[in-house]
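For reference, the structure discussed in these notes is given below.
The analysis underlying the following values was restricted to heavy atoms, covering all of them including side chains, and did not include hydrogens, waters or symmetry mates. Please read all numbers here as calculations on a predicted model, not as lab measurements.
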Amino acid sequence: MIFRTLFLFLCFSAYSFSLFSQTPGFTGKRFILSAEAYAFPSVRFIFTADRNFIFHKHLGISTEYVLNRRFSAGVVATRLNAPLEYDYQNRKGNALLTSTNFGVHLKIYTFLRRGNIAPVGPYQKLEIQYLRYHMTDLDRAFYSDGREALGALRDWVVSFTIGTQHVLPPRLTYKWGIQGGWILNVGQVFPFSEADKYLSNISTSRLRDHFAFNVTVGIGYLLF
């Protein structure tokens, strides 16, 4: 009886040691460089007033460094182009909102006893990005002098993603997920006029609508 108990204990100990001493990362590789795309026609702004379908361009690159079996951290840079309509004091037209974003993120991978560790398997990602964006008046109708530039603004967005990532040996990675975000509406340049305030409000509303829900996909490469 004692011998059988000792034998089972040694087997369990060997299994635990092999499980928890596994090298972090995929076969020891911890650093991933990825290209990403964010796709969703938005919640409210699906069509323009003349029923034309709105299409966003939101692409980015990100890095990920595996810290241990469950956590990774990284940085991200994205570029967003989104159409925008305005209707201000009987002046109607179309504009383009262009945003350049930089941020950091933390991923938490769901560790399971069957052995999947970061960067493989389901994950949850918390991310914060700094947005620097400007609006271009495509119709040049907002201001009486016909100017094209409508001004530059800045803000922050916090997002949460639920997704999964996999590796195609030896180095190719792919992932997809569902992301929700919220524009914090902080760091804005104080509007000096009613027109500035209007532009600030519609651009913030547009960004909130876009970041509220996204489907994300990405493909990456394990560097080292």
Is the shortest side-chain heavy-atom distance between Val158 and Leu184 below 4.5 Å? yes
Kindly indicate whether the side chain of Phe160, heavy atoms from C-beta on, has any atom under 4.5 Å from the side chain of Gln124. yes
When hydrophobic residues are tied together by side-chain contacts of less than 4.5 Å, even through go-betweens, does Tyr133 share a cluster with Val157? yes
Check whether any side-chain heavy atom of Thr136 sits under 4.5 Å from a side-chain heavy atom of Leu150, and report yes or no. no
Do Tyr198 side-chain atoms and Asp87 backbone N/O form a donor-acceptor pair below 3.5 Å? yes
Can you tell me how far the OG atom of Ser34 sits from the CD atom of Glu64, to the nearest 0.5 Å? 6.5 Å
Heavy-atom distance under 4.5 Å between the side chains of Ser72 and Pro119, does that happen here? no
Cluster check Leu33, Phe26: I/L/V/M/F/W/Y, side chain < 4.5 angstrom: no
Can you give me the closest heavy-atom contact between His105 and Thr63, atom names plus distance? NE2-O, 3.2 Å
Side-chain heavy atoms nearer than 4.5 Å, only ILVMFWY residues, links allowed to pass through others: does that put Leu84 and Tyr88 together? yes
Can you tell me how far apart CG (Leu67) and CZ (Arg30) are? Round to the nearest 0.5 Å. 8.0 Å
Would you kindly confirm whether Val215 and Tyr174 end up in one hydrophobic cluster when ILVMFWY residues are joined by side chain heavy atoms under 4.5 Å apart? no
Taking all heavy atoms of Pro83 and all of Leu96, pick out the closest pair and write down the distance. N-CD1, 4.1 Å
Between Phe71 and Tyr109, ring centroids under 6.0 Å: no
Backbone N/O of Thr216 and side chain of Asn214: donor-acceptor pair under 3.5 Å: no
Other residues, nucleotides and ligands only: do more than 12 of their heavy atoms fall within 6.0 Å of CG on Asn90? no
Minimum side-chain heavy-atom gap Leu153-Met135 below 4.5 Å: yes
Would you please test Ile183 and Leu131 for side-chain contact (heavy atoms from CB on, under 4.5 Å) and show each step? CA-CA 9 Å; Ile183 298 292; Leu131 314 182; 3.6 Å; yes
Going by distance alone, is a donor N or O of one side chain under 3.5 Å from an acceptor N or O of the other, for Asp137 and Tyr86? yes
Any donor-acceptor pair under 3.5 Å linking the side chain of Asn201 with the backbone of Lys197? yes
The reported gap from OG1 in Thr173 to CD1 in Ile219 (rounded to nearest 0.5 angstrom) is 7.0 Å
In this structure, would Leu59 and Val217 fall into the same cluster of hydrophobic residues linked by side-chain contacts under 4.5 Å? no
Is there a side-chain contact between Leu223 and Ile32 (heavy atoms, below 4.5 Å)? no
Please assess Ile128 against Phe102 for the test side-chain contact (heavy atoms from CB on, under 4.5 Å), listing each intermediate value before the final yes or no. CA-CA 8 Å; Ile128 183 168; Phe102 301 95; over 6 Å; no
Look up atom OG1 in Thr161 and atom NZ in Lys125, then write down how far apart they are to the nearest 0.5 Å. 4.5 Å
Has Ser203 got a side-chain atom pairing as donor or acceptor with Leu199's backbone, closer than 3.5 angstrom? yes
Counting C-beta onward and ignoring hydrogens, is there a side-chain heavy-atom pair between Gln179 and Glu127 closer than 4.5 Å? yes
Give me the atom names and distance for the closest heavy-atom approach of Asp139 to Gly93. OD2-CA, 3.3 Å
Can a cation-pi geometry be assigned to Lys107 and Tyr123, taking NZ or CZ under 6.0 Å from the six-membered ring centre and within 45° of the ring axis? yes
Keeping Arg208 on the side-chain end and Trp182 on the backbone end, is there a donor-acceptor pair under 3.5 Å? no
Taking the ring of Phe31 and the ring of Phe224, is the distance between their centroids below 6.0 Å? yes
Please determine whether a side-chain nitrogen of the Lys or Arg among Glu36 and Lys175 lies less than 4.0 Å from a carboxylate oxygen of the Asp or Glu. yes
Does the side chain of Asp196 reach to within under 4.5 Å of the side chain of Ser193, using non-hydrogen atoms? yes
Which atom pairs, donor and acceptor, lie under 3.5 Å between side-chain atoms of residues 73-80 and protein residues at least two apart or in another chain?
| residue | atom | partner | partner atom | Å |
| --- | --- | --- | --- | --- |
| Thr78 | OG1 | His58 | NE2 | 3.3 |
| Thr78 | OG1 | Asn101 | ND2 | 2.8 |
| Thr78 | OG1 | Gln129 | OE1 | 3.3 |
| Arg79 | NH1 | Thr100 | OG1 | 2.4 |

Does Ile162 have more than 12 heavy atoms from other residues, nucleotides or ligands lying within 6.0 Å of its CD1? no
Side-chain (Arg171) to main-chain (Tyr221) donor-acceptor, under 3.5 angstrom: no
Say you draw a straight line from CG of Leu207 to CG of Asp155; how long is it, rounded to the nearest 0.5 Å? 7.5 Å
Should we count CD1 of Ile178 as having more than 12 external heavy atoms under 6.0 Å? no
Quiz item: cation-pi between Arg147 and Tyr143, 6.0 Å / 45°: yes
How many angstroms lie between OG1 in Thr98 and CG in Asn81, if you round to the nearest 0.5 Å? 4.0 Å
